[in-house]
Every structure is written in structure tokens, then in C-alpha cells.
Amino acid sequence: MKCSDQLEKIAADCSSFLEERYGKGTITPVMGEGDPGSRIMMVGEAPGAEETRLRRPFVGKAGRNLDEFLETVGLDRKDLYITNTVKFRPVKIHERTGSLSNRPPTKKEVNDCLPFLKREIEAVKPLVVVTLGNTPLQALADDKKTVIGSVHGIEIPVIWPQVSFCLFPLYHPASIIYNRSLGEIYLQDLAKLRMYLEEREIIMSGSTNY
Ligand code: URA
């Protein structure tokens, strides 16, 4: 089956599963997007409000941040495949006002969505999976205690029966909004990512367009 057909099937299966699990009409799934032939996949935590409204990953504030950072190392999101670990927005409801805000996904939510992320990886077959923050890192690394603070910017090989790839852990772009001091480290990690991709000829050396 063609990769794009596989991705459509994964989206349909995920939608039916979430509907059954959480109740019809309660969940708006947001699946991955981008170049299904890309050798680079980026995986975030979970969609937020804007992502859910537009049903596209990384289109809110964190997405704009991500785009800016990618630009600094000459990467363009249209050439990547971008997705999330959890395929819907985890929310908490404000008791008094009834308004919704984001919350971190629970273990159960991650475990519910993980088979669909794994299927996306098996369909796209990337050489590098760039994880953004702890959630995708811990979901995909063998050692569930791995934390971003110790492994950011260092590649971790992963071998599955269907695919092999390297995880390349980065901080989540939203963490830079909240902790400006991470900005410099983030830029260094992105420079390492760029070098890693160039050395393996996944992108061309010196190019801003690949
Ligand atoms: N938007 C996403 O799609 N994923 C995140 O992890 C954060 C914001």
C-alpha cells in the first residue's frame, strides 16, 4: 500500500478507536502532516486549541516558535513529516468559568495513541525521528526513564522489527517560551541536528533548501 494510503488508513483507525474509547463526538483527532516521503519526522506532545480548530499539528504559538527555530538551521517544515504523540487535545475544564485549557497528557492517553504513532513511523520510515520534549521521547525510547535534560541533542538508535531509525531528542519549542535560558541550548541542539543530517546526507551540506 502507498505511504499516503497507509496514513489515511491509520487516521481512520485512530478516529474510530478514539470515538469508541472516549465517546462519540467528544474528541477531534489531529493527525500528522507534511511530506510522507521525508526521512525526517518530528513528533510533539499533543495538539492545542489552534491545532484542534484547524486539525493540523503545530499551527499555534508553539508551531510558530518551531518554524522560527527550524528556519535558523535552514530546515523547512514542508519537507518534514510532523505529528504528535497524543492525537487529540488533553484539556482541563475550569470549574467556575467552564473554559478549557491545555494539560499534559496522562499515561493512559499516551498509551492509547502510541500504536497509531508507531504505525505512522512504520509507514513513513524516517531515518531520524526528532522528538520535542519528554512525552514523545519517553514514548519511543526503550528506557522510559530517559529525560530530555540528559539526552537533548544526542542521537539514540532504535531498532524495531519493521524499521530502524535514530531518535534525536530536542526540547519542546514551548519550553523555550517559558524558559528563555533554554534558547541558547536549543540553538546548539538544532546546529547538532543540522550537522547530523548533513553528515548522513539526509540534507545537503550548506543548503537552506533540500
Ligand atoms: N502543538 C502541537 O501540535 N504539538 C505540541 O506538542 C504542541 C503544540
Side-chain angles (χ1 to χ4, degrees), residues 7 10-11 14-15 18 22 26-36 38 40-73 75-92 99-121 123-124 126 128-141 144 146-149 151-153 167-180 182-183 185-186 189-190 193:
L7 290 170
I10 297 164
C14 181
S15 179
L18 294 176
Y22 295 92
T26 58
I27 295 275
T28 306
V30 178
M31 299 304 288
E33 70 169 26
D35 177 6
S38 179
I40 311 166
M41 189 162 178
M42 281 209 161
V43 186
E45 179 176 274
E50 191 63 0
E51 285 79 11
T52 305
R53 194 175 70 78
L54 298 173
R55 300 192 72 163
R56 297 180 56 206
F58 281 104
V59 288
K61 191 155 192 271
R64 285 193 294 280
N65 240 24
L66 178 66
D67 289 346
E68 272 175 33
F69 279 117
L70 288 176
E71 209 181 309
T72 63
V73 286
L75 294 173
D76 188 325
R77 69 180 272 159
K78 78 175 178 346
D79 300 311
L80 318 173
Y81 185 84
I82 301 191
T83 192
N84 278 302
T85 314
V86 170
K87 307 303 188 193
F88 58 90
R89 180 187 180 203
V91 286
K92 55 180 180 239
S99 62
L100 302 181
S101 57
N102 295 343
R103 62 163 170 77
T106 62
K107 273 212 174 84
K108 176 176 174 292
E109 289 165 342
V110 170
N111 288 337
D112 281 348
C113 292
L114 190 53
F116 301 103
L117 172 61
K118 287 189 167 170
R119 282 174 63 190
E120 277 180 299
I121 294 176
V124 174
V128 186
V129 174
V130 181
T131 54
L132 303 171
N134 271 320
T135 301
L137 171 64
Q138 290 170 352
L140 294 172
K144 301 298 170 207
T146 310
V147 286
I148 186 67
V151 295
H152 63 93
L167 289 181
F168 198 99
L170 293 181
Y171 281 102
H172 194 285
S175 60
I176 284 86
I177 303 175
Y178 300 115
N179 181 355
R180 289 271 150 201
L182 282 180
I185 297 173
Y186 202 63
D189 288 348
L190 280 168
L193 172 63

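Both ligands and their constituent atoms are indexed starting at 1 by order of listing. Quick note: residue numbers are just sequence positions, from 1.
Taking a cutoff of 4.0 Å between a charged side-chain nitrogen and a carboxylate oxygen, R64 and E50 do not qualify as a salt bridge.
Qualifying ring-ring contact (aromatic ring centres under 6.0 Å, His included) partners for F116, counting only residues two or more places apart in sequence or in other chains: F17.
Heavy-atom minimum distance, V30 versus P57: CG1-N, 3.6 Å. For V43 against N84, the heavy-atom pair with the smallest separation is CG1-C, 3.9 Å.
With respect to atom 4 (N) of ligand 1, the closest heavy atom belonging to the protein is N84 OD1, 2.7 Å. For atom 5 (C) of ligand 1, the closest heavy atom belonging to the protein is A46 O, 3.1 Å.
Within the 4.0 Å heavy-atom cutoff, H172 counts among the residues contacting ligand 1.
Counting atoms of ligand 1 from 1 in the listed order, those under 4.0 Å from a heavy atom of G44 are 6 (O).
Under the 3.5 Å distance criterion, with hydrogens and angles disregarded, no donor-acceptor pair is assigned to the side chains of N179 and Y171.
With a 4.0 Å heavy-atom cut-off, ligand 1 is reached by the side chain of E51 but not by its N, CA, C or O. When heavy-atom distances to ligand 1 are checked against a 4.0 Å cut-off, A174 has no atom that comes that close, whether in backbone or side chain.
For the side chain to side chain contact (heavy atoms under 4.5 Å, CB included) criterion with L140, the lone passing option out of T146, I121, T135 is I121.
Not one N or O of A62 is nearer than 3.5 Å to an N or O of ligand 1, by distance alone.
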